[in-house]
Amino acid sequence: MHHRERSNQQRVTRNLVSNQRSQKQSLHSHDSTRPHRARTRARMDSIRASHSHAIAAAAPAGVQPANTSVGDAFVSSSKWAHYSRSPKNPALNQLQKRAKSASTTPQKPIWNYFATVGVRDLSENGCRSNVKWLGASANQRAESREEIDNVIRTLQKCLWVCLLAARETLQEICTRMRVRVTNNTGSNEERDSQVTDCSLPPPVVSLEALGRLRSALAPLPPVRLPLAAALHHTLVKPIVAGAPQPPFAASTRDGYAVATADGPGTWPVVARLAAGAAGPPPPLDRGTVAYITTGAAVPAGADAVVMVEDVDFVFGADDDAAAAAAAAGGAGRGGRRAGGTPLAPGTHIRPVGSDVAAGEVLVPVGARLTPAAIGVAAAAGVTAVTVTRMPVVGVLSTGNELTDAGGGGGGGGGGVGADDSPPPPAAAVLDANRPTLLASLAAVTPACSSAAAPAATAAGSGGVIDYGIVRDEADAVAAAVATARDAVDVLITSGGVSMGDADHVKPALAAAGTILWGRVAIKPGKPLTAATLGRRGGPRPSSPADDGRPTQVAVGLPGNPASAFVGFHLVVRSAIDVLSGGDGAGLPRVDVTVGSGAGRGVARDRGRLELVRATVAWRDGGYVVVDGGGGQQSSRLTSAVAANALLLVEPGEGVVGVGERLPAYLL
Ligand SMILES: Nc1nc2c(c(=O)[nH]1)N[C@H]1C(S)=C(S)[C@@H](COP(=O)(O)OP(=O)(O)OC[C@H]3O[C@@H](n4cnc5c(N)ncnc54)[C@H](O)[C@@H]3O)O[C@H]1N2
Ligand code: MOO
């Protein structure tokens, strides 16, 4: 966003990073025949070795680097690992000695710093098994708190840069840092530190890599909900039929229950059998028929139903009352005269259990409760279901330039833009992303939206929290992420996720959790960042697939409104799907033909796979692009207003012409 001139110190650091890269490359080529694990270890050693140089070289002017060393232990833990006072650390030992000898003489405190950094190494086989904590420590003398702060800042930057430099090897990087500060008077403190320098870009992953969410996240724990509140939830326990449906042989027509063995003819109507009558109907004697309504139980002795349309009445000449009763469908002395065609047994009868057999699984585990599933469950007498809890989703916008058009809702909102309010200041940008995201949640994941599913929310499933607008300040963004981390399962941020010095989302997510990726090779949405978070505040209830995978995720969407829109559909929907018990497979993919309505055709981007917001319609047996969405600038949300598809346009020159075929995601 805003750009600052890089300091000399940062330039020094960049040079070091490129040195580290070349060290790493040569290491790689020598290692090519060694087993992978050993190579990884060697790379780690190389990275650790390079830390010391980077940290020493980048120490701020005025602070003498006393001694900078790098620890040599991997600490295998998901918790913070701290370097304790190590006998191998000569500088520290010296300080300790000094501290002892000075204990009787008051003197200026000399502070030391120790930092550890977590590195997730996924270079071998996947997600959890290879999480390692790469310890890097540095100790540094300083004689004032200001110096301490300076040194810590430098340390953070250097470690971040070193980790970024290692990205090709490590594939996945998360950084967390805690700095322990001790002094020679025996006082010590620990600080959770935030990595503040994202001046080097994280690796760019392909669109396919977004599928990592599926393996990185586990579903949320189950909840028991009233059936009426369970729409869209995923079943954890199946819905099983306790009784057959229909529970008795039922007529499927309004007509006359007959014994087919009697054949066509004229027979007395001896009963009227209506749906809902209590108890089984009386058996039907041969040579008689019973009037019967759709859904009523067919009496024993009858094995077919003749529709009323196929029957003529004949009446006894002396019995007007019986004729009237028969005409009204009641019993009497009338009769039937069916056509000459004999009926097959079973005609117009639903046998017992023909819809549902007793014990049959009506809705299986893992199925989403659709409206029809709710009906099936209700028909089976089910009043409550065990389902995966829906995530609580938090939404926030970042940006000093942003103003909340609605007034009051956002942290930075001022009510401007309302009918009776003054217009926003010229430099202000009205927040478009939060309203889009909140509406998108209500539209495509309504069970998350408290407005749409009050019953489920009241019962402890799903919800949306609007965190408003957060200023572009590292502390403010970190605090907002920390607050949301205690309350939500999915955090959606927008803005502040790119490479400017006011972009604080990546570091905040890195500090709060584990970054899954930090850039994606798509347009729009390149800076889109996803991270799993660790929830503070005690153990979580176990999830059905409780294998240690996190159940909390943050998606940092780019600030450009069209980028945020695309990112929501590509990534956030999938994350919500996984957490709520789905497979996270994402949007349905179809082939479309570019129609003449798409204008001159769809322009290709030179460098990135482009997701073009477009409208498609079913024409002559296939999907056709009927509106290309107009200008596809990331800032132009208008392109998405009528969009029901994202066309996947490979990078290249020129346009995808009318008549050409493209893959597309349906929104
Ligand atoms: N040096 C680089 N700069 C940028 C890169 C890059 O790779 N290197 N990527 C560009 C791309 S691509 C995108 S997309 C943007 C995303 O930037 P941020 O996520 O940091 O977003 P901001 O800088 O905060 O805002 C960008 C733009 O969008 C407007 N905005 C932000 N939030 C909202 C909102 N809630 N409603 C309406 N408009 C919003 C903001 O005012 C800016 O105009 O970074 C590029 N830069
Ligand atoms: O990826 Mo950005 O979203 O192109 O403008």
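FYI, the numbering just counts along the sequence from 1. Every number for a ligand or one of its atoms is a count from 1 in the order of the listing.
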Sub-4.0 Å heavy-atom contact, I469 with ligand 1: no

Ligand 1 contact on S498 by region, counting heavy-atom pairs under 4.0 Å: both

R604/E653 salt bridge by N-O under 4.0 Å criterion: no

Test item, G500 contacting ligand 1 (heavy atom, 4.0 angstrom): no

For ligand 1, the portion of S634 having any non-hydrogen atom under 4.0 Å away: neither

P524 to ligand 1, any heavy atom closer than 4.0 Å: no

Protein residue, atom and distance nearest to atom 4 (O) of ligand 2, heavy-atom basis: S634 OG, 2.9 Å

Close approach, R608 and ligand 2, non-hydrogen under 4.0 angstrom: yes

Region of V429 that comes within reach of ligand 1 [heavy atoms, distance under 4.0 Å]: side chain

Pairwise distance CG(L647) to CD(Q632) - rounded to 0.5 angstrom: 8.0 Å

Electrostatic pair D583-R214, nearest N-O below 4.0 angstrom: no

Whether G399 lies under 4.0 Å from ligand 1, heavy atom: no

G525, any N or O under 3.5 Å of ligand 2 N or O: yes

